[in-house]
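Chain letters run A, B, ... following the sequence lines, proteins first and then strands; every chain starts at 1.
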There are 2 protein chains.
Amino acid sequence: MRIGELAERSGVSRDAIRFYERQGLIAAQKSESQSNTYKNYPEEAVFTLEVIRDAQAAGVSIADLIVLLSQYHAADGADFDGEDFLIEKIQEVENRIEASQRFLETLRQTLRALKNAAH
Amino acid sequence: MRIGELAERSGVSRDAIRFYERQGLIAAQKSESQSNTYKNYPEEAVFTLEVIRDAQAAGVSIADLIVLLSQYHAADGADFDGEDFLIEKIQEVENRIEASQRFLETLRQTLRALKNAAH
DNA sequence: AAAAACCATGGTCCATTGTCAATGGTTTTG
DNA sequence: CAAAACCATTGACAATGGACCATGGTTTTT
């Protein structure tokens, strides 16, 4: 599919998609037609972009994602050791979730206090 | 207390503390002694810095925190309406936590796959 | 009393994660 | 077929969240 459709379907802007592509997070082929320079994104890219969005929300940088996604794709059959890195990132995300939950509690308390003050 | 102690106790760098102070997130008095220009941070600042750290981990910007912290402090007795904003931020953080959990699941799956491949 | 450690201020610099604009082609639509 | 919509590439620009450095003063330690 072309970038416009991918942008539409994934909810990610064209510019962001191109940015991720430059970083090597998603891949595209040159169009099979030789008359244009349009790129061809695989179906899979929609899913990859969703993962990227979740990862960004989880506070994981693109630099880390480059490593992680390569592991994800290599997971069937690779033997090089990225396990430590993976474990580290899992820990980081878990920590961030906990911090987020603490902060959420603070926000909820504030909301309750605000409502009481309005009495 | 002075900035060094605050940095030590909160685990936040001096530079970051000064940055937050410029943004109005924490307040300090000028030292009571007139012979120096050192600032005096209240005990409470340690707690505020913890909240700031959690908030940053939760993906909440400092600009938003400025608004939120003012509401937190004003929560006892204020009547101006920041409720909508608060509710919006709560929703945002909840969404980010969910995305983080989805991503965490992806990471864990990758880890399992990696372990199986290593057979 | 020196040296080492600390502080304030001001300014510069940095990575990250994109957005926006310009230019020049291609396709689709009316 | 002309206009509108789409695409690629390049390059400038921007916001966020600090780190780092220089300068000059103050405390604390030795």
Side-chain angles (χ1 to χ4, degrees), chain A residues 1-42 45 48-69 89 92 96 99 103, chain B residues 1-42 45 48-69 89 92 96 99 103:
Chain A
M1 91 194 74
R2 302 199 298 210
I3 200 170
E5 190 187 340
L6 181 57
E8 183 109 351
R9 285 177 53 189
S10 66
V12 174
S13 76
R14 286 165 167 81
D15 279 330
I17 290 173
R18 294 202 181 99
F19 175 70
Y20 297 148
E21 195 184 344
R22 277 199 301 284
Q23 307 299 313
L25 286 179
I26 57 178
Q29 295 96 43
K30 299 270 166 175
S31 170
E32 57 282 343
S33 144
Q34 60 272 64
S35 64
N36 71 28
T37 56
Y38 298 177
K39 286 179 180 166
N40 211 304
Y41 295 87
T48 305
L49 287 175
E50 279 164 16
V51 174
I52 294 173
R53 280 218 297 196
D54 286 347
Q56 292 278 84
V60 172
S61 73
I62 286 177
D64 283 352
L65 266 180
I66 290 168
V67 179
L68 292 172
L69 277 187
K89 292 304 143 185
E92 277 179 25
R96 244 174 252 126
F103 186 63
Chain B
M1 89 194 73
R2 303 199 298 211
I3 199 169
E5 189 187 340
L6 181 56
E8 183 110 351
R9 285 177 52 189
S10 65
V12 174
S13 76
R14 286 165 165 81
D15 277 331
I17 291 173
R18 294 202 182 99
F19 175 70
Y20 296 150
E21 195 184 346
R22 277 200 300 284
Q23 306 300 313
L25 286 178
I26 57 176
Q29 295 95 44
K30 300 269 165 174
S31 169
E32 58 283 340
S33 144
Q34 61 274 64
S35 65
N36 71 27
T37 57
Y38 298 178
K39 287 179 180 167
N40 211 303
Y41 295 86
T48 305
L49 286 176
E50 279 164 17
V51 174
I52 293 173
R53 279 217 297 195
D54 286 346
Q56 291 279 88
V60 172
S61 73
I62 286 177
D64 283 352
L65 266 180
I66 290 168
V67 179
L68 291 171
L69 278 187
K89 292 303 144 187
E92 277 178 25
R96 246 174 251 127
F103 186 63

Round to a whole Å and report the spacing from [atom1] of [X] to [atom2] of [N].
X       : N      : atom1 : atom2 : result
A:Leu25 : C:dG18 : CG    : P     : 10 Å
B:Ile66 : D:dA15 : CD1   : C1'   : 14 Å
B:Asn36 : D:dT26 : CG    : C1'   : 6 Å

Under-3.5 Å N/O pairs linking protein and nucleotides 2-6 of chain C:
from: C:dC6; atom 1: O2; to: B:Tyr38; atom 2: OH; distance (Å): 3.1

List the atom of [X], the atom of [Y], and the distance in Å for their closest heavy-atom pair.
X       : Y       : value
A:Ser13 : A:Ala7  : C-CB, 4.4 Å
B:Ile66 : B:Gln23 : CD1-O, 3.4 Å
B:Leu25 : B:Thr48 : O-CG2, 3.7 Å
B:Pro42 : B:Ala27 : CD-O, 3.3 Å

Sub-3.5 Å donor-acceptor pair from the side chain of B:Arg96 to the main-chain atoms of B:Ala58, do we have one?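 Yes.
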Can a donor-acceptor pair be found, under 3.5 Å and without considering hydrogens, that links the side chain of A:Asp54 to the backbone of B:Phe103?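 No, A:Asp54 side chain to B:Phe103 backbone: no donor-acceptor pair under 3.5 Å.
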Answer yes or no: does a side-chain N or O of A:Lys39 lie under 4.0 Å from OP1 or OP2 of D:dT9?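 Answer yes for this pair, as a side-chain N or O of A:Lys39 is under 4.0 Å from OP1 or OP2.
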For DNA chain D, which residues in residues 5-13 of chain A have a heavy atom at a distance below 4.0 Å?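 Residues of residues 5-13 of chain A under 4.0 Å from DNA chain D: none.
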Looking only at side chains, do A:Tyr41 and A:Gln29 share a donor and an acceptor under 3.5 Å apart?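 There is no such pair (donor and acceptor under 3.5 Å, judged by atom type) between the side chains of A:Tyr41 and A:Gln29.
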Check step by step if side-chain contact (heavy atoms from CB on, under 4.5 Å) holds for A:Gln56 and A:Ile62. CA-CA 8 Å; A:Gln56 292 278 84; A:Ile62 286 177; 3.9 Å; yes
Taking the side chain as every heavy atom from C-beta outward, state whether [X] and [Y] have any atom pair closer than 4.5 Å.
X       : Y       : result
B:Ile3  : B:Lys39 : no
A:Asn40 : A:Arg2  : no
B:Lys30 : B:Thr37 : no

Give, ordered by number, those residues of residues 52-65 of chain A having at least one heavy-atom distance below 4.0 Å to an atom of DNA chain C; if nothing qualifies, reply none.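 Output list: A:Gln56, A:Ser61, A:Ile62.
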Return the residues of residues 16-24 of chain A meeting this criterion: a heavy atom under 4.0 Å from some atom of DNA chain C. Order them by number, or give none.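 Output list: A:Ala16, A:Phe19, A:Tyr20.
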The criterion is salt bridge (charged side-chain N to carboxylate O under 4.0 Å, His left out); which residues satisfy it with B:Arg18, sequence neighbours excluded?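 B:Arg18 satisfies salt bridge (charged side-chain N to carboxylate O under 4.0 Å, His left out) with B:Asp15 once adjacent residues are dropped.
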Under the salt bridge (charged side-chain N to carboxylate O under 4.0 Å, His left out) test, residues paired with B:Arg14 that sit two or more places apart: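 Partners of B:Arg14 by the salt bridge (charged side-chain N to carboxylate O under 4.0 Å, His left out) criterion come out as none, since no residue qualifies.
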